[in-house]
Enquirer: 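Before I ask anything, here is the structure I am working with.
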Amino acid sequence: MMGEKKHKSGFVNIIGYPNAGKSTLVNQLMGMKLNIVSPKAQTTRHRILAIDNGEDYQIVYSDTPGLLKPAYELHKAMQFYIEQALEDADIFILLIDLTKDVDWEPVVLEKIKNTGVPVILTFNKYDLVKEEDVEKSIKKWTGIFPDASYVVVSALNGYMTDVLKTIILQKLPEGPEYFPKNENDISDKNLRYFVSEIIREKIFLLCREELPYSVEVYVEKYKENPEMDHIYAVIVVERESQKPMIIGKQGRMLKEIGTLARKDIEELIGKKVFLSLHVKVDKNWRKDKNKLKKYGYLIQDERNSGHSRKA
Ligand code: GDP
Ligand code: MG
């Protein structure tokens, strides 16, 4: 056919402080489209917020949690996933909250620049600020990213978000359907896997010792309920002495791991979650293949088995 368009696709990584409006923006960009995100599509590097499928494009919106942490925490998070998440992105949306235009960590700005990935500076909450503040922000940020496109939006009411989408589509590279466009079902097994990954990530971020490397997490039970899913997960450590490190004084560490993980899981599945965490000692989990299977490591082999669920 004459003038047939090539298919475009890619990861649009939205970077912004909590409350900058990331979720609001993604909802607005998705319009009335159902936002079904398959955990199968998740990676530990990208937390996928939504996938916008068009006839000739696929935009995968993701964010990189932990990127805008204070320097000492950021260092840790960097080692875990941030470096690669940045390198894998096709477009960055830097979401700047006009009501709270704080300076970002220079190391983060440096990392973003060094990737060479196109940046769209997106100034949000236009409805809440004075014109002069908008101009000040634009001046500051276009100074830092002279090659970036920029747009001023109000994610809450959709002001200029269509323009943002046009810019995204312009910058989106040619590429395949990374995720099947008609696949709405997600496999329960993969869901378990991603739940365990989220928990593992929180352990990694919260525990100070070298411990996390010897920690594994698996989901023992996943009970779906209409109101709230119940998840029973087990954290496996290799030595008895590691147990108290995970549990913390009066169980505080475990509680915090659970709270942070639960929030992410709820966001992932779009539903309330009751998360119950248990710590177990198992000396040889690494060596035992059956155990690896049980803990979800061999999940790739079993992709198509098991029942499916809808997010
Ligand atoms: P996230 O933490 O970055 O995902 O931020 P959210 O999308 O949850 O938004 C945080 C708060 O800011 C919510 O109360 C939103 O309603 C509000 N918000 C987001 N965008 C705008 C906007 O353009 N204008 C106004 N007035 N509020 C906004
Ligand atoms: Mg959010």
Side-chain angles (χ1 to χ4, degrees), residues 11-37 39 41-52 59-70 73-74 77 81-82 85-86 89 91-105 108-109 112 119-138 141 150-168 194-195 198 201-202 205 259-273 311:
F11 279 86
V12 176
N13 198 324
I14 303 176
I15 305 172
Y17 277 97
N19 281 315
K22 295 182 291 296
S23 305
T24 311
L25 180 68
V26 168
N27 286 338
Q28 196 63 248
L29 288 164
M30 292 295 292
M32 295 303 286
K33 284 187 194 180
L34 205 56
N35 181 4
I36 297 165
V37 178
Q42 296 288 345
T43 70
T44 39
R45 311 214 275 252
H46 298 276
R47 184 166 64 178
I48 295 170
L49 304 170
I51 301 176
D52 184 355
I59 307 172
V60 184
Y61 292 107
S62 68
D63 70 356
T64 305
L67 183 62
L68 298 177
K69 289 263 171 84
E73 281 178 60
L74 178 69
Y81 53 22
I82 284 176
L86 294 182
I91 295 171
F92 291 123
I93 290 181
L94 270 51
L95 193 62
I96 296 133
D97 183 343
L98 285 166
T99 67
K100 241 189 278 168
D101 183 359
V102 288
D103 292 331
W104 293 17
E105 290 284 346
V108 171
L109 297 174
I112 292 169
V119 168
I120 306 172
L121 299 168
T122 305
F123 300 90
N124 189 31
K125 307 194 186 180
Y126 180 56
D127 55 299
L128 293 179
V129 292
K130 291 185 298 222
E131 197 61 44
E132 61 201 72
D133 294 330
V134 179
E135 274 155 33
K136 235 165 70 190
S137 277
I138 292 176
W141 284 94
Y150 71 87
V151 60
V152 179
V153 303
S154 184
L156 192 62
N157 58 36
Y159 171 75
M160 294 289 270
T161 52
D162 52 339
V163 172
L164 174 59
K165 173 134 177 206
T166 306
I167 300 172
I168 293 168
F194 287 109
V195 165
I198 288 170
E201 176 198 294
K202 300 310 168 199
L205 293 174
T259 304
L260 292 180
R262 180 178 48 76
K263 284 185 188 151
D264 277 12
I265 298 163
E266 286 177 343
E267 200 165 321
L268 175 71
I269 65 174
K271 199 177 184 185
K272 288 268 173 223
V273 159

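Just so you know, ligand 1 is whichever comes first in the structure, and atom 1 is the first atom listed for that ligand.
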Enquirer: Check whether any side-chain heavy atom of Leu29 lies under 4.5 Å from a side-chain heavy atom of Asp52, and answer yes or no.
Expert: no
Enquirer: Which of these passes side-chain hydrogen bond (donor to acceptor under 3.5 Å, both in side chains) with Lys125: Asn19, Thr99, Asp97?
Expert: Asp97
Enquirer: Say whether, by atom type as modelled, one donor and one acceptor occur between the side chain of Asn124 and the main chain of Ala20 under 3.5 angstrom.
Expert: yes
Enquirer: Nearest protein heavy atom to atom 18 (N) of ligand 1, by residue and atom, and its distance?
Expert: Lys125 CE, 3.8 Å
Enquirer: Is there a side-chain contact between Tyr150 and Ile96 (heavy atoms, below 4.5 Å)?
Expert: no
Enquirer: Only heavy atoms count here, so choose which of Thr24, Asp63, Leu95, Leu25 is nearest to atom 6 (P) of ligand 1.
Expert: Thr24
Enquirer: For ligand 1, which atoms, with element, lie under 4.0 Å from some heavy atom of Ser154?
Expert: 22 (C), 23 (O), 24 (N)
Enquirer: Give the residue and atom name of whichever protein heavy atom lies nearest to atom 16 (O) of ligand 1, and the separation in Å to one decimal.
Expert: Leu156 CD1, 3.5 Å
Enquirer: Can you see which heavy atom on Glu267 is nearest to which on Ser23, and at what distance?
Expert: OE2-OG, 4.2 Å
Enquirer: Among all the protein's heavy atoms, is there at least one whose distance to atom 4 (O) of ligand 1 comes out below 4.0 Å?
Expert: yes
Enquirer: Any protein heavy atom under 4.0 Å from atom 13 (C) of ligand 1?
Expert: no
Enquirer: Taking the six-membered ring for Trp, are Tyr126 and Tyr159 parallel (under 30°), tilted (30 to 60°) or perpendicular (over 60°)?
Expert: parallel
Enquirer: Side chain, backbone, both or neither: which applies to Asp127 and ligand 1 if a contact is any heavy-atom pair less than 4.0 Å apart?
Expert: side chain
Enquirer: So which protein heavy atom does atom 11 (C) of ligand 1 come closest to, and at what separation?
Expert: Asn19 OD1, 4.0 Å
Enquirer: Any salt bridge linking Glu266 with Arg262? Criterion: basic side-chain nitrogen under 4.0 Å from a carboxylate oxygen.
Expert: yes
Enquirer: So among Leu25, Ile168, Ile51, which one has a side chain to side chain contact (heavy atoms under 4.5 Å, CB included) with Tyr61?
Expert: Ile168
Enquirer: I want to know if ligand 1 touches Pro18 in the polar sense, i.e. an N/O pair below 3.5 angstrom.
Expert: no
Enquirer: Decide whether an N or O pair under 3.5 Å exists between Val153 and ligand 1.
Expert: no
Enquirer: With side chains defined as the heavy atoms from C-beta onward, is the minimum distance between Ile167 and Ile91 less than 4.5 Å?
Expert: no
Enquirer: Once you restrict to heavy atoms under 4.0 Å, what part of Leu128 touches ligand 1? Side chain, backbone, both or neither.
Expert: side chain
Enquirer: Is it the side chain, the backbone, both or neither of Tyr17 that has a heavy atom closer than 4.0 Å to ligand 1?
Expert: backbone
Enquirer: Can an N, O or S atom be found in Ser23 less than 2.8 Å away from the Mg ion (ligand 2)?
Expert: yes
Enquirer: Specify the protein heavy atom at minimum distance from atom 23 (O) of ligand 1: its residue, its atom name, and the distance to 0.1 Å.
Expert: Ala155 N, 2.9 Å
Enquirer: Measure Asn124 to ligand 1 on non-hydrogen atoms and call it side chain, backbone, both or neither using the 4.0 Å cut-off.
Expert: side chain
Enquirer: Going by an N to O cut-off under 4.0 Å, is there a salt bridge joining Lys136 and Asp101?
Expert: no
